[in-house]
Structure formats: structure tokens, C-alpha cells
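To keep things clear, I will list the structure first and then write my remarks on it.
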Amino acid sequence: MSIRTAGEARDRELGRARVADSEDLQQYYGELDRLDTGALWTVANEIEPWEPHAFSAPTLWRWSELRIQALRSLDLVAPEDAGRRVVYLRNPRRREISAVCGLLFSGIQVMRPGERASAHRHGASALRFIMEGSGGYTVVDGHRVDLHPGDFVLTPGGTWHDHGVDEEGETCLWQDGLDIPLANALEANWYEVHPDHHQSVDHPPNDSEGAFGGPALLPTGYSWDRPYSPLLRYPFDATYESLQRAASAGVESPHDGVMLRYVNPHTGGHVMATMGAAMQLLRPGEATRAHRHTGNVVYQVARGSGHSVIGGHRFDWVEMDIFCVPSWTWHEHANASTSDDACLFSFNDFPVLEKLALWREQGLTGDHPPQQNA
Ligand code: 1HN
């Protein structure tokens with residue numbers, strides 16, 4: 001797929017590769033090819049786009065459609081056979097790597113009461129945003145974490161994890177976000193099945209929240225040297241209250257509304273090494289200004305309804321819909337309601353961009369973004 005969309009006309013400029021073709025050159029290229037080599041000037045403009053190029057298409061998946069298909073899978077496959085009963089979201093331009101956007105993965109997992117999915121671990125990191133159900137839980141390295149709608153939960157790379165729904169619970173649905181395509185692109189992913197297939201819970205339930213979930217309070221005398229947050233669950237109610245408090249304190253951005261990052265309380269940094277996450281509040285009638293940045297973002301509507309303009313395309317959304325914003329794509333969001341809040345959960349690959357010093361951001365002071373390239 002060509003990454004030279006806009007700017008081909010500018011490739012005639014001094015400073016770009018602009019070698020005119022000739023018979024001698026064609027013969028030369030043929031000889032290089034036989035040696036598994038090539039002339040840089042034949043590919044330079046292709047591999048050095050003027051601006052960051054997104055391979056993914058801005059896309060929205062309707063929860064009303066996803067939910068029906070995820071529930072259908074309940075009667076079609078058992079978690080013991082499927083490993084994980086997940087319907088994944090496939091970006092129309094990322095089919096070959098099963099990515100939702102950029103190098104991120106997203107899927108809808110469904111489990112019914114009494115089911116357990118066996119324990120495993122992998123190099124890739126995972127996160128979950130819980131949509132519906134009760135009695136769901138995940139066990140992360142022996143710590144049980146209960147799953148409630150609106151909660152954001154971590155299963156960091158390298159940790160043993162298995163999930164289940166208690167017998168007396170209700171069918172649970174949640175979004176799984178993973179960095180699997182990234183880990184595979186880096187040729188660094190691996191997978192292990194737990195020797196006992198299920199973990200024993202060897203800590204009090206939800207202990208990570210007891211220890212690390214206080215308001216800006218941490219236990220004394222603990223040490224933590226893992227590359228992810230010791231807090232494994234971020235409940236919705238506390239998140240929503242924080243957004244309200246931030247709004248009252250005037251903490252807002254013209255591009256994001258009131259947006260709070262989920263943080264590793266130990267470092268103040270992103271929750272995991274490869275993926276960050278956030279929740280943003282669009283107040284009644286609020287519309288943000290367009291901006292763009294490197295990094296890919298997958299949004300899920302946690303509350304309310306509205307629309308986003310992404311790369312010049314308008315997407316109307318309602319609760320639980322999922323949509324994505326590919327790298328360097330102009331985007332803006334609007335709350336459709338003049339009386340109710342809208343909340344957007346999102347996860348992203350920003351930690352990777354930041355660590356590799358590839359983060360770049362551009363905002364607009366005017367109201368309308370320029371025409372986005374196709
Ligand atoms: C995985 O391990 C889970 O543990 C869910 O629940 C989705 C998608 C791709 C690869 C591994 C899970 C996954 C996954």
C-alpha cells in the first residue's frame with residue numbers, strides 16, 4: 001500500500017529523490033535486485049512521507065450490532081475450545097494483522113455465568129473496559145479483580161490471567177484492548193499456558209485497589225519494580241467523580257474537553273509500558289476543536305451520545321459504540337445532548353510514541369480543519 005498520498009507534486013523539489021528513469025538505470029536496478037539490494041532513491045520518497053501516514057481508516061463499530069454477534073457466539077463456541085470467546089474489530093485497512101487501528105487490537109469478549117476461561121500469559125499487554133453483566137472477575141497473578149460496568153482493568157504483559165463469571169452472576173461483555181499487533185510487528189510476542197489451567201487466588205479480592213486506589217495516597221514501605229501500574233482496577237464511579245471535580249476546577253482542553261489519564265500511582269506515568277488510557281467528559285452541548293497527533297486511539301462511548309469528525313468523516317455515536325482515530329488524523333468530538341454529560345473512554349499507544357520520541361501534536365486555533373488528504 002502506498003504511503004505517498006498527498007505531496008507527490010512536492011517530490012520534484014530539491015532535497016527529495018527525483019532521479020529520471022533511463023535504460024541504463026533499469027538494467028542497474030535489475031542487477032541490484034539479483035543481489036537482494038536496491039537503490040534508495042527509488043524508494044526514498046515512499047519510505048519518508050512528508051507527514052506521518054496512517055494505514056488505518058477512521059471507523060465506527062455500532063454496539064447494537066457488535067452486541068448481537070458477541071452474544072450469538074455464546075451458543076456456537078465454548079471458552080475451553082476458543083481459548084477466549086472474542087469477536088474482534090478489524091479495521092478495513094488492517095485486515096492482514098487483525099488490528100483495530102494502527103498496531104492495536106480490540107475485541108468484545110463474552111462469558112456467561114459459571115464459565116471460566118483458562119489461565120495463560122503472553123508478552124503482549126491487555127486492558128479491559130467492562131460494558132455489561134455482573135459477577136465477572138479476572139485473576140491477575142493471583143489477585144482477583146471484580147469486573148463492573150464502566151470499570152477499566154489491567155492485565156499487563158507477562159502476568160498470568162484468567163477470567164470467569166460467578167454462577168449467580170449475569171452474562172458479561174467487555175472490550176479487550178491489546179498491543180498484540182505491535183508485539184508481533186516487533187517480533188517479540190510469546191505465549192504460555194498456565195500449568196494448572198486456573199490460578200489460585202492468594203490475596204484478598206480487589207486488594208490492588210485497597211492498597212493503591214486511595215485518593216493520592218500510597219502505602220508506606222512498599223517497593224514496586226514492575227513496568228506497569230500496581231493498581232489493577234479503576235472503577236467508573238471514582239473516575240466520573242474525578243472528571244466532575246476537574247471540570248469544577250477549570251481543568252479543560254479546547255481539544256479534549258475535560259480529559260483525565262488513568263495513571264500508574266507509583267510513577268504518575270501511563271498504566272502500562274505500551275498502552276495508555278483515558279476518560280474524557282464532554283459537558284452538555286460541548287464540542288471540541290480539531291487537533292491531530294501521532295499515535296492511535298480506540299474510543300468507547302461510556303456515557304451519552306454525540307458525534308466525532310475524524311479525517312473529514314462524521315461518525316454519530318451512542319453509548320458503547322467503538323470508534324478509532326488513526327495516527328495524525330484530525331479529530332473533534334461533540335456531545336449531542338444539551339442536558340446530559342457524554343463520557344468517552346479511550347486507550348492508545350502513546351507510551352510507545354513517547355518513549356521512541358515520535359510524539360507530535362498539532363492543534364487548530366480556527367474552528368475547521370483543513371481538507372484531510374484521502
Ligand atoms: C487474550 O489473552 C484475551 O486474556 C483476550 O482475555 C483477547 C486477543 C488476542 C490475544 C490474546 C484474554 C485476546 C487475547
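For ligands, and for the atoms within them, numbers begin at 1 and follow the listed sequence.
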Polar contact flag for D176 and ligand 1 (N/O pairs, less than 3.5 Å): no
Using the ring of W61 (Phe, Tyr or Trp, six-membered ring only), decide whether R90 places NZ or CZ under 6.0 Å from its centre and within 45 degrees of its axis. no
Side chain, backbone, both or neither: which part of R128 has a heavy atom under 4.0 Å from ligand 1? side chain
Answer yes or no: is there a side-chain heavy-atom contact under 4.5 Å between L218 and P265? yes
Residue part near ligand 1, for F105, under 4.0 Å between non-hydrogen atoms: side chain
Within 45 degrees of the ring normal and closer than 6.0 Å to the centroid, is that where the cationic atom of R93 sits relative to F55? no
Taking only heavy atoms of H163 into account, list the atoms of ligand 1 that are under 4.0 Å away from them. 4 (O), 6 (O), 12 (C)
Are R144 and D166 close enough for a salt bridge, meaning some N to O gap below 4.0 Å? yes
Does any donor atom in the side chain of W317 or S308 lie under 3.5 Å from an acceptor atom in the other side chain? yes
Side chain, backbone, both or neither: which applies to L178 and ligand 1 if a contact is any heavy-atom pair less than 4.0 Å apart? side chain
Would R62 and F323 count as a cation-pi pair here, with the cationic atom under 6.0 angstrom from the ring centre and within 45° of the axis? no
What is the nearest protein non-hydrogen atom to atom 12 (C) of ligand 1, stated with its residue, atom name and distance? R84 NE, 2.8 Å
For ligand 1, which atoms have a heavy atom of I180 less than 4.0 angstrom away? 9 (C), 10 (C)
